[in-house]
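Structure first, commentary second.
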Number of protein chains: 2
Amino acid sequence: MGTEIDNKLHSKDIKPTAMRQLVLQVLTEQKTAISLPELERKFEKADKATLYRTLKTFEKHKLIHSIDDGSGTVKYALCQDTCECQPEDLHVHFLCAKCNQTFCLNDFPIPQINLPSSFSLESVNMVVKGVCSNCMI
Amino acid sequence: MGTEIDNKLHSKDIKPTAMRQLVLQVLTEQKTAISLPELERKFEKADKATLYRTLKTFEKHKLIHSIDDGSGTVKYALCQDTCECQPEDLHVHFLCAKCNQTFCLNDFPIPQINLPSSFSLESVNMVVKGVCSNCMI
DNA sequence: TCTAACTTTGCAACCCAGTTGCAACAACTT
DNA sequence: AAGTTGTTGCAACTGGGTTGCAAAGTTAGA
Ligand SMILES: [Mn+2]
Ligand SMILES: [Mn+2]
Ligand SMILES: [Zn+2]
Ligand SMILES: [Zn+2]
């Protein structure tokens, strides 16, 4: 069933190599964002640099977005179909302090903020830290 | 005039060693947040680990707060006098994409956000990226 | 005052995420 | 087939952050 994977890659102008298919497969199955070191562990066999470049390629082509949640490692998650990685597509991210998993809160746009005119605004990163439902029990 | 410096250290229960006086002096003169590597460069002579532990001590005693602005290095800035590093003291930070300087926007509290009840909220990090007035020209 | 306990400092080494150079390899082009 | 281009694997390196340990400094008790 690589068809959907291939379609997705094709729709973003990314050549569907074996490596890329596999990485996209993993990203698609993920419910939370994943970091490069985590990805490495999922592919005992693959090379770090290749995975790194695969993620960079995906990001450049707006198939995924990167998330700096302050945990020390940048994480990546699939963009939504409608996403163009523009400011209006930005959403809040949630980092669980217990399990260290990071969730895209796609339904929570980042609140507007009116800075003094001496600052021109380009983008906003908003990360909420707390405990996720799995860890709350 | 080390008196004010010493008072500040004393008021936060930090023993006023020479190193700490010097670091606090630098922090007090700073208009923007400063990172450990930057601090190292300011003190050609001092040891990285000592500076590191000095910052950690200051942070633990709530004399400074750390800022992860996504630039790759954590920065530090003096807390305001009234600050207790509680959620209500949290404020927005601004990172200039040109000069890489980070500003505490102390007058801009982080907007409230109502998460689904499946997430318990502990803290929020909000970093605005753009261009500062110095770099706008 | 002398000494023991504790704290701070300096140095070295280490960890780890991220990144790059380069050569081998694979895929397309003419 | 030969050339061109893009992709991969390996190794090495960078830089921020962190720790172990012993020396130096400080504090407090006998
Ligand atoms: Mn996201
Ligand atoms: Mn601040
Ligand atoms: Zn969790
Ligand atoms: Zn600037």
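Everything numeric here is computed off the predicted structure, so don't read it as measured data. Note on naming: letters A, B, ... go to the chains in the order of the sequence lines (proteins, then strands), and numbering restarts at 1 for each one.
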Item to check | Plane angle bin for A/F94 and B/F119 - parallel if under 30°, tilted between 30 and 60°, otherwise perpendicular | outcome: tilted
[X] [atom1] to [N] [atom2], straight-line distance once rounded to whole Å:
X	N	atom1	atom2	value
A/L51	C/dG18	CG	C1'	13 Å
A/R20	C/dA26	CZ	P	16 Å
B/L55	D/dT19	CG	P	15 Å
B/I14	C/dT9	CD1	P	12 Å
A/D68	C/dG18	CG	C1'	12 Å
A/L9	D/dT7	CG	C1'	14 Å
B/F43	C/dG10	CZ	P	11 Å
A/M19	C/dC25	CE	C1'	16 Å

Next on the checklist: What contact category does B/T50 fall into here, base, sugar-phosphate, or nothing, at under 4.0 angstrom with non-hydrogen atoms?
Outcome noted: base
Next on the checklist: Considering every strand and a 4.0 Å limit on heavy-atom distances, what is the contact class for A/K56: base, sugar-phosphate, or nothing?
Outcome noted: sugar-phosphate
Checklist entry - Any side-chain heavy atom of A/D47 sitting closer than 4.5 Å to one from A/Y52? => result no
Item to check | Options D/dC10, C/dG10, C/dA17, nucleotide nearest the side-chain atoms of A/A49 | outcome: D/dC10
Checklist outcome for this item: With the side chain defined as heavy atoms from C-beta on, B/D47 is closest, among D/dT7, D/dC10, C/dC11, to C/dC11
Whether [X] contacts [N] is assessed here as follows: a side-chain N or O lying under 4.0 Å from the phosphate OP1 or OP2. Is that the case?
X	N	answer
B/T17	C/dT9	yes
B/K48	C/dT9	no
A/Y52	C/dT19	yes

Checklist entry - Would you say B/K62 has more than 12 foreign heavy atoms packed within less than 6.0 Å of its NZ? => result yes
Next on the checklist: Check this for me: A/H61, atom NE2, are more than 12 non-hydrogen atoms of other residues, nucleotides or ligands nearer than 6.0 Å?
Outcome noted: yes
Checklist entry - Checking only heavy atoms, does the side chain of A/R53 share a donor-acceptor pair with the base of C/dG18 at less than 3.5 Å? => result no
Next on the checklist: Any donor-acceptor pair under 3.5 Å linking the side-chain atoms of B/Q25 with those of B/Q21?
Outcome noted: no
